[in-house]
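Below is one structure; the comments refer to it alone.
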Amino acid sequence: MNVAPRLTGLVGDTTSSTLLKLDHVSISYPTREGILTAVEDVSFTLAAGERLILLGPSGCGKSTLLRAVGGFLKPSAGEMRMNGRRIGAPGPDRMTVFQEFDQLLPWRTVLGNVRYALERGKSLPRRDAEGIARRWLERVGLKNFIDAFPHTLSGGMKQRVAIARAFALEPALLLMDEPFAALDALTRRQMQDELLKLCDETGNTALFVTHGIDEAIRVGTRILALTPHPGRLAATFDVPPETRARGSSGFGELERRIQETVFSAPEVDHV
Amino acid sequence: MNVAPRLTGLVGDTTSSTLLKLDHVSISYPTREGILTAVEDVSFTLAAGERLILLGPSGCGKSTLLRAVGGFLKPSAGEMRMNGRRIGAPGPDRMTVFQEFDQLLPWRTVLGNVRYALERGKSLPRRDAEGIARRWLERVGLKNFIDAFPHTLSGGMKQRVAIARAFALEPALLLMDEPFAALDALTRRQMQDELLKLCDETGNTALFVTHGIDEAIRVGTRILALTPHPGRLAATFDVPPETRARGSSGFGELERRIQETVFSAPEVDHV
Amino acid sequence: ETGQLRIAQQFGIAYLPLIVASEKGLIEEEAKALGIAPPKVEWLRLSGAAAMNEALISGGLDFATAGITPMILTWDKTRTTAKIIGVAALGSMANILTTNNPNIKTLADFTEKDRIALPSVKVGFQPIVLQMAADKAFGKYDKLDELTVSMPHPDATAQILSGHSEITAHFTSPPFSQQQLASGKVHQVLNSYDVLGGPHTFNVVYSTTKFVNDNPKTILAFVRGLDRANEWIKANPKEAAALYIKAEGSKLAPDFVESIIRDKDVNFTTAPEGAQKFADFEAKVGLIKQAPASWRDLFWSGLGEKPGS
Amino acid sequence: MSDVAAPKLVRAPALRRALEGTPWRRFIILAGFALAWELYARWLDNALLLPTLGATLSALWSAVLSGELPNRALTSLRVLITGYALGVAVAAVLTTLAALSRWGNEALGLLTSMFNPLPAIALLPIALLWFGVGTPSLIFVIVHSVLWPVALACYGGFLAVPPTLRMAGRNLGLSGGRFVAEILVPAAFPQILSGLRIGWAFAWRTLIAAELVFGVSARSGGIGWFIYTSRAQLETASVFAGLLTVIVVGLVVEGLIFRTLTRITVQRWGQVQT
Amino acid sequence: MSDVAAPKLVRAPALRRALEGTPWRRFIILAGFALAWELYARWLDNALLLPTLGATLSALWSAVLSGELPNRALTSLRVLITGYALGVAVAAVLTTLAALSRWGNEALGLLTSMFNPLPAIALLPIALLWFGVGTPSLIFVIVHSVLWPVALACYGGFLAVPPTLRMAGRNLGLSGGRFVAEILVPAAFPQILSGLRIGWAFAWRTLIAAELVFGVSARSGGIGWFIYTSRAQLETASVFAGLLTVIVVGLVVEGLIFRTLTRITVQRWGQVQT
Ligand SMILES: Nc1ncnc2c1ncn2[C@@H]1O[C@H](COP(=O)(O)OP(=O)(O)OP(=O)(O)O)[C@@H](O)[C@H]1O
Ligand SMILES: Nc1ncnc2c1ncn2[C@@H]1O[C@H](COP(=O)(O)OP(=O)(O)OP(=O)(O)O)[C@@H](O)[C@H]1O
Ligand SMILES: [Mg+2]
Ligand SMILES: [Mg+2]
């Protein structure tokens with residue numbers, strides 16, 4: 001398992017490469033019956049340029065953790081710092097692709113959604129924003145649907161718009177919550193490539209939620225496995241770059257190791 | 001490719017095993033710019049007990065087709081018959097698991113959602129409905145969240161409730177639109193098994209949308225591949241029962257064949 | 001003869017005869033004296049002549065009460081339809097145009113800056129008297145219309161007494177006129193008795209001809225009841241004031257109410273006064289098509305015997 | 001099967017729960033408002049136009065002690081509740097029809113845009129004809145004032161129900177009134193609640209304003225009558241006492257009924273945020 | 001990249017478009033309504049209470065020809081629009097504050113439940129005090145009648161905005177007024193529209209009912225004045241002509257403004273079904 005290098009507790013240190021640091025973070029929801037702890041005592045650091053994968057069974061608190069980093073939830077205990085500063089309100093430096101399909105503004109067209117995000121999130125003039133938006137929508141394969149309103153898109157197309165919007169903003173930290181779940185294999189593969197390309201080009205950092213182990217290995221540089229309910233850190237896996245290709249020797253081996261850790265139940269094969 | 005056996009045009013014939021029959025069906029949406037054809041000239045039959053998979057790239061019209069069979073959309077051309085009768089209004093004989101997360105009634109608890117569906121869809125008395133609902137919620141792993149309201153569930157948990165609801169009703173035709181997309185590998189595998197078990201037990205028929213080729217092979221008895229925009233039938237593949245296990249000899253072969261047909265673009269591997 | 005009598009009244013001291021008659025059961029007594037079963041009297045409240053008319057015409061009401069000028073107008077408008085007709089006057093009392101503007105002594109002193117508050121529009125009692133006065137003073141009856149503003153009595157009183165309002169004048173009736181004058185902040189510009197050249201009826205009770213013809217004894221009992229009430233009021237102003245205060249839940253001082261009853265310009269009588277003059281004026285300015293040949297045409301035949309005008 | 005483990009629950013701290021429970025913010029705002037009234041009225045020093053809060057309260061007190069105000073308020077409330085309930089019921093029928101057919105839809109749109117702007121006096125002749133003078137006519141105009149806003153709000157809410165939820169309902173074979181009652185109504189409940197709130201307020205307004213125009217039997221008038229007679233007698237403090245009663249009833253209904261309704265429905269269901 | 005292919009579009013058949021474009025259902029319902037009125041009035045045969053549609057139309061015609069009704073209607077519309085715009089503006093400010101802070105939230109809830117039930121006459125003394133006689137006071141009460149329902153509807157709509165959409169907005173760094181204006185307002189637009197509709201209707205009602213009470217001078221009165229004078233003179237056909245004008249204005253505003261607004265906003269955005 002991985003221990004954060006050197007930086008433990010160096011508050012306000014922005015020269016180092018640590019972008020995000022979670023320190024014994026617990027997150028809970030108030031409910032009718034009491035306070036439900038969704039994430040408990042999670043600590044990790046994320047260096048700039050890393051792509052950290054959150055992996056875990058359904059309901060283990062992945063989305064919750066992502067929402068907290070995004071600034072949408074306050075942790076009930078512990079501390080979260082980005083660039084040494086405590087995480088406060090949400091902002092475009094942590095663009096999120098949400099898991100839900102209704103994250104597009106219904107009153108703006110596909111192009112309008114991405115352009116508006118650029119205008120507001122990066123304060124770009126409309127002209128420039130439009131250019132960038134068009135380019136990214138082309139890259140996610142939606143250039144023919146630029147003037148459609150979100151409610152006329154299929155599920156996968158909506159998610160792609162959200163992805164284009166997040167990519168276009170080139171945020172310091174990209175937060176993605178099962179962004180490719182609604183996509184077919186080919187499109188998903190292409191989107192994964194786009195993500196890797198973006199990170200290579202801009203040195204982008206990403207925190208990425210998925211439930212697919214193969215996707216985790218393909219996309220991530222490091223994988224955090226969470227236990228179910230409340231989510232705690234189970235294990236960390238480094239992904240060496242050479243392991244990433246599916247056919248590679250390391251791939252199957254890592255996949256199996258993760259499988260065993262994350263899903264303690266043995267895999268049942270269908271007869 | 002597969003041709004429907006014997007039954008072409010035998011209207012009202014309910015003695016045969018044909019459950020669903022689509023005859024040159026086209027479906028279109030009215031939009032501001034004109035009428036958008038989402039599905040064009042699709043014909044197929046579905047025999048009782050079959051599990052037919054609709055496979056195709058994002059935006060090709062899978063959900064549209066499913067919605068039409070569910071009775072939520074009228075085809076703009078062609079005919080759809082179930083048990084020989086023209087498909088009219090939606091009904092619980094064609095329970096649908098929708099792709100979207102907001103398909104649960106927010107004002108009912110998890111248990112309430114499933115129970116209510118049984119009360120209304122199968123006219124069961126409350127007692128019986130509650131028993132069945134509990135059993136199914138246990139089977140999808142949610143027995144600890146029976147009294148939670150939907151908005152306090154994670155994405156995957158919501159989908160599982162919808163799945164339990166659909167399974168519980170044991171409809172003549174089960175319509176599932178990427179039902180397992182939000183689930184982790186293990187849970188997904190278990191849900192697939194539940195589906196197969198249900199079909200074995202009750203002789204249920206299913207029309208199942210997925211974008212995963214491996215899921216298609218695991219779950220389906222026959223696979224329909226659609227072309228993108230407008231969706232037309234590209235090819236039909238039969239899945240022999242012995243191919244279903246992932247490690248089996250036929251699996252990889254079939255996977256590759258489907259891959260080639262459905263995604264004419266060559267698979268790009270990441271470098 | 002009808003078994004029930006639905007009478008609507010408005011608010012104010014002008015309705016004192018009705019209140020006395022009701023409190024003392026005078027109508028029922030008179031009915032008995034006439035040998036008919038005493039009608040069950042139902043006292044209702046409605047605001048404004050228009051609502052009264054509609055209730056009367058729709059058959060929801062037997063006796064309406066309103067100012068004499070709107071009653072004349074209604075009489076004219078319903079000549080061929082509902083044929084409404086006066087049953088009795090409720091009394092003669094002067095209305096007074098008050099002002100808090102010391103510069104105003106006569107109608108001619110009103111300037112563009114002044115506003116005259118009137119409780120109702122166009123055919124109400126005060127607007128018509130104001131027009132009659134303007135007609136007399138300037139030969140142009142609508143000369144002051146531009147200065148008028150419609151506003152209920154109590155609000156206009158509050159405004160005019162508050163002193164910081166655009167409302168500088170108010171054409172009003174008892175008890176508001178007396179209250180305002182008593183405050184010392186306002187003075188009188190015009191008395192309606194002067195405009196009419198003598199006492200005139202303020203409010204009247206009216207009904208439909210059909211009802212009057214169908215129930216002659218009830219009508220007679222009603223008018224006799226009112227006559228007795230009026231006599232009693234004249235004889236016992238103090239008790240009348242007390243009875244009014246009690247019946248209305250009024251917070252006015254008994255002495256003050258008594259002083260209004262004793263006022264020389266207030267006379268409770270069922271005999272109409274000045275009806276002909278109002279009718280002639282309304283005909284002159286075109287509000288009604290044709291003036292009645294005699295004031296008696298406006299009223300139920302039994303009233304014609306009284307010394308009216 | 002891989003159960004999602006039972007949620008880990010702890011009780012919220014007592015202080016926090018207490019603070020969230022009590023509406024202390026409301027009390028502060030109310031107190032501020034009362035103070036502002038008192039000070040302004042004192043500065044204005046014109047009891048005919050605006051009495052001080054103190055004077056109003058003492059007028060209120062004596063009207064309550066004499067039993068007059070409680071009586072009148074009860075009379076009003078009875079009429080109010082009848083009219084309100086009727087109005088809401090008619091609105092429910094109209095919106096159900098509108099939700100179920102194009103004709104109903106067009107009819108509701110048309111009727112609403114035609115009749116909603118009409119003031120109560122427009123209905124006077126008809127009301128008198130059909131219901132005579134007095135309470136029934138009063139109820140009629142209250143129904144008029146409640147019906148349209150509630151129908152508009154409900155119907156607007158119905159239209160905005162997400163398509164997936166509609167489909168989930170239809171899928172169970174629901175249709176007609178059942179579909180409306182069991183799917184559309186709860187789904188549109190946030191909007192229905194705000195419609196009910198608006199309707200409630202307008203029922204009050206109409207009642208007070210109409211009590212006189214639509215006839216009261218002299219001794220049995222409600223709070224509108226109380227306000228009107230006080231006004232006619234220039235008892236401004238009593239007028240404000242009457243209005244204060246209306247305000248207090250409004251606050252009680254809001255605090256006890258609408259807040260509770262919101263809490264146990266749309267808030268619990270996660271349909272509204274706060 | 002695997003583009004989703006350009007959508008295959010064809011034009012809808014001309015007949016169908018024409019049928020969907022014209023509101024023929026409305027015309028049929030309107031015609032039915034007109035017929036019912038005419039027949040009922042004839043059967044009733046009491047022109048003083050309910051004139052026939054024919055008589056009303058001819059009164060309308062002559063009042064239009066004489067120029068009186070158009071003038072009065074214009075006067076009213078001017079006042080109405082001013083008051084409406086002001087009311088909506090104040091509602092916007094209040095709901096923005098309410099959406100942004102707990103204090104604003106509590107204050108709005110409290111003010112609404114306190115003041116919304118108060119009838120216009122309750123405000124008369126204050127209105128006259130602050131704004132004097134005539135139009136400004138009239139505008140004040142119109143603001144009162146528009147403000148609360150619009151604020152309630154908007155705020156109810158804000159609360160019901162789906163959390164994902166809120167988060168998507170916040171994610172862009174939006175906060176304060178910009179968050180409200182660019183996320184909450186369009187997201188809650190179906191509810192805001194129904195609030196605006198309700199507010200519009202109440203502005204009319206209040207204007208007509210208040211014109212008498214709030215001191216209009218004879219020359220500057222609007223349509224309320226027209227109705228009242230006609231009523232006082234028992235010109236029932238003219239009264240109904242005035243009311244018909246109100247109805248026609250209501251239909252025009254509904255058909256031209258609100259329908260169009262619905263079509264180009266929430267319908268186009270898929271936020272409401274039909
Ligand atoms: N708004 C909420 N209120 C109360 N509890 C919540 C809320 N949102 C989530 N939870 C609970 O928190 C836990 C973690 O939820 P979360 O959405 O983070 O899971 P997840 O790991 O993203 O699962 P999935 O893969 O299914 O999306 C779950 O038990 C869920 O019931
Ligand atoms: N309500 C609608 N109005 C107009 N066009 C629509 C509507 N719904 C879907 N479409 C269009 O129909 C086509 C097919 O959509 P559909 O949702 O059936 O795709 P899908 O195969 O389910 O895709 P995915 O895998 O992404 O869910 C898309 O081009 C989409 O833009
Ligand atoms: Mg999640
Ligand atoms: Mg789909």
Side-chain angles (χ1 to χ4, degrees), chain C residues 47-60 66-67 69-70 73-78 80-84 115-124 127-128 130-131 142 144-152 154-156 158-160 162 164-168 208 282 286-288, chain E residues 41 44-52 55 59 68 72 119-138 141 208-240 242-243:
Chain C
S47 74
M52 291 280 182
N53 286 338
E54 279 153 12
L56 190 65
I57 292 163
S58 72
T69 54
L73 180 104
T74 309
W75 169 83
D76 178 65
K77 296 273 174 184
T78 60
T80 58
T81 51
K83 300 197 180 77
I84 78 104
R115 288 287 177 276
I116 306 168
L118 300 173
S120 55
V121 299
K122 220 159 178 175
V123 297
I128 290 203
L130 187 66
Q131 286 193 339
D142 57 0
L144 293 171
D145 280 9
E146 274 168 64
L147 303 182
T148 62
V149 149
S150 66
M151 188 176 292
D155 298 304
Q159 292 290 315
I160 207 164
S162 82
H164 10 244
S165 163
E166 295 156 75
I167 308 280
T168 51
T208 59
E282 285 189 33
L287 271 175
I288 63 176
Chain E
L44 194 67
D45 193 23
N46 190 336
L48 286 173
L49 280 180
L50 185 70
T52 61
E68 181 176 12
R72 301 251 178 235
I121 57 143
L123 304 174
L124 182 67
I126 304 286
L128 290 176
L129 194 63
W130 289 348
F131 304 104
V133 173
T135 310
S137 288
L138 219 49
V141 289
I208 296 173
E211 247 183 298
L212 213 73
V213 188
F214 278 78
V216 203
S217 34
R219 290 296 134 84
S220 68
I223 205 155
W225 179 263
F226 177 84
I227 291 173
Y228 272 104
T229 48
S230 304
R231 182 159 166 257
Q233 298 178 61
L234 277 180
E235 302 281 358
T236 315
S238 296
V239 173
F240 277 81
L243 295 173

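Chain naming here is simple, since letters A, B, ... match the order of the sequence lines and numbering starts at 1 in each.
A pairwise comparison of heavy atoms in C:Ile57 and C:Ala82 identifies CG1-CB, 4.2 Å as the closest pair.
In this structure, the portions of C:Glu54 lying under 4.5 Å from any heavy atom of chain E include both its backbone and its side chain. Contact of C:Leu287 with chain E is made through the side chain alone, with heavy-atom distances under 4.5 Å. Contact annotation for C:Ala117: neither backbone nor side-chain heavy atoms come within less than 4.5 Å of a heavy atom of chain E. Only the side chain of C:Thr81 has a heavy atom closer than 4.5 Å to any heavy atom of chain E. Only the side chain of C:Leu73 comes within contact range of chain E, with heavy atoms under 4.5 Å apart.
Without hydrogens or angle criteria, C:Glu166 side chain to C:Arg115 main chain gives no donor-acceptor distance under 3.5 Å. With hydrogens and angles disregarded, no donor-acceptor distance shorter than 3.5 Å links the side chain of E:Thr236 to the backbone of E:Pro51.
Side-chain atoms of E:Glu235 and E:Thr229, non-hydrogen and from C-beta on, never get closer than 4.5 Å to each other. Side-chain atoms of E:Phe240 and E:Leu50, non-hydrogen and from C-beta on, do get closer than 4.5 Å to each other.
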